[in-house]
Amino acid sequence: MKRVVILGRGGAGKSTLAATLGTATGLPVIELDKHFWGPVLEATPPDRWAAVQGELARADQWIMDGDLGPYDVLEVRLRRADTVLLLDYSFPRCAWQALRRSRERTDFWLWVWSWRRRNRPLLLKAITAHAPDAQLHVLRNPRATARFVAQVRDDQNSGRP
């Protein structure tokens, strides 16, 4: 596990998982939201976003967290990934986390609401097309995620890659 992409519905805990895995593995964490959104939440144009991701993904090791829904150019980072983590948490859990975190725009809530029906199938298709050799882990709840992190820590402590 050297190049990890973390995807999922807004509020699922992608950034928290990335930070936890970064600590456990020593891999640098790249929070894509910080590179994508402008000062007044303007989206980076797709061609520019692809170039930015290309630069970020050029490194040999990283964890990239972020799922930018309809604004994303996912294939750039997927092509370099050896591991993809898909947080497939329920709408109520994600909505609660998002509400606790901050106020969000209407387009965010529409994306969160329709994620499993609209975006999840597109993500799975993109993963199949652009990261066919990557290890895919679909984590459906925090307990499954905690088990995954525990396994990563065990592997790190025992010297396994």
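Closest of all the heavy-atom pairs between Ala134 and Ala81 is CB-O, 3.7 Å. Ala129 and Pro132 get closest at one heavy-atom pair: O-CD, 4.0 Å. Here the shortest heavy-atom pairing between Trp49 and Thr44 reads N-CG2, 3.6 Å. Residues Leu78 and Ala131 come closest through the heavy atom pair O-CB, 3.4 Å. Considering every non-hydrogen atom in both Gly10 and Cys94, the closest pair reads O-CB, 3.2 Å. Heavy-atom minimum distance, Gly54 versus Val76: N-CG1, 3.5 Å.
To the nearest 0.5 Å, atoms CD (Gln151) and NE2 (His137) are separated by 9.5 Å. To the nearest 0.5 angstrom, Leu17 atom CG is 7.5 Å from Phe148 atom CZ. Rounding to the nearest 0.5 Å places CG of Leu136 at 7.5 Å from OG1 of Thr128. Note that the OG1 atom of Thr20 and the CD1 atom of Ile63 stand 9.5 Å from one another [nearest 0.5 Å]. Summarising the geometry, atom CG belonging to Asn141 is positioned 6.5 Å from atom CZ belonging to Arg147; distances are rounded to the nearest 0.5 Å. The distance from the OG atom of Ser90 to the CH2 atom of Trp96 is 13.5 Å, given to the nearest 0.5 Å.
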Walk me through it: do Val73 and Glu75 pass the test side-chain contact (heavy atoms from CB on, under 4.5 Å)?
-> CA-CA 6 Å; Val73 182; Glu75 60 273 10; 3.5 Å; yes

What do the steps show when you test Gln135 against Val84 for side-chain contact (heavy atoms from CB on, under 4.5 Å), and what is the final call?
-> CA-CA 6 Å; Gln135 289 287 317; Val84 178; over 6 Å; no

Worked check of side-chain contact (heavy atoms from CB on, under 4.5 Å) between Val4 and Trp62 = CA-CA 6 Å; Val4 182; Trp62 41 259; 5.5 Å; no

Please test Leu74 against Leu123 for side-chain contact (heavy atoms from CB on, under 4.5 Å), starting from the C-alpha separation and ending with a verdict.
-> CA-CA 8 Å; Leu74 192 57; Leu123 290 175; 3.2 Å; yes

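The main-chain N or O of Ala57 is found under 3.5 Å from a side-chain atom of Arg80 such that the two form a donor-acceptor pair. Here the side chain of Lys2 pairs no donor or acceptor atom with the backbone of Asp60 at under 3.5 angstrom. Between the side chain of Asp82 and the main chain of Arg3, a donor-acceptor pair closer than 3.5 Å is present.
Between Arg77 and Asp72 there is a salt bridge, with a side-chain nitrogen of the basic residue lying less than 4.0 Å from a carboxylate oxygen of the acidic one. With respect to Asp88 and Arg140, a salt bridge is recorded, a charged nitrogen being found less than 4.0 Å from a carboxylate O.
In the hydrophobic cluster analysis, where Ile, Leu, Val, Met, Phe, Trp and Tyr join through side-chain heavy atoms closer than 4.5 angstrom, Trp111 is grouped together with Phe91. At a threshold of 4.5 Å between side-chain heavy atoms, the hydrophobic network of Ile, Leu, Val, Met, Phe, Trp and Tyr places Trp115 and Trp109 in one connected group.
Using a 4.5 Å heavy-atom threshold, the side chains of Leu85 and Leu7 count as separate. Within the 4.5 Å cutoff, no side-chain heavy atoms of Gln156 are placed close to those of Arg153.
With sequence neighbours excluded, no residue forms a side-chain hydrogen bond (donor to acceptor under 3.5 Å, both in side chains) with Arg9.
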Report, one line per pair, each donor and acceptor closer than 3.5 Å where one atom sits in a side chain of residues 28-38; sequence neighbours left out.
{"residue": "Asp33", "atom": "OD1", "partner": "Trp37", "partner atom": "NE1", "Å": "3.4"}

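Gln97 and Arg100 share a donor-acceptor pair across their side chains, judged by distance under 3.5 Å alone.
Remark: Arg93 CZ is loosely packed, at most 12 non-hydrogen atoms of other residues, nucleotides or ligands lying under 6.0 Å away. Within a 6.0 Å radius of CZ in Arg143, other residues, nucleotides and ligands contribute 12 heavy atoms or fewer. Crowding of Gln61 atom CD: a count of heavy atoms from other residues, nucleotides or ligands under 6.0 Å exceeding 12.
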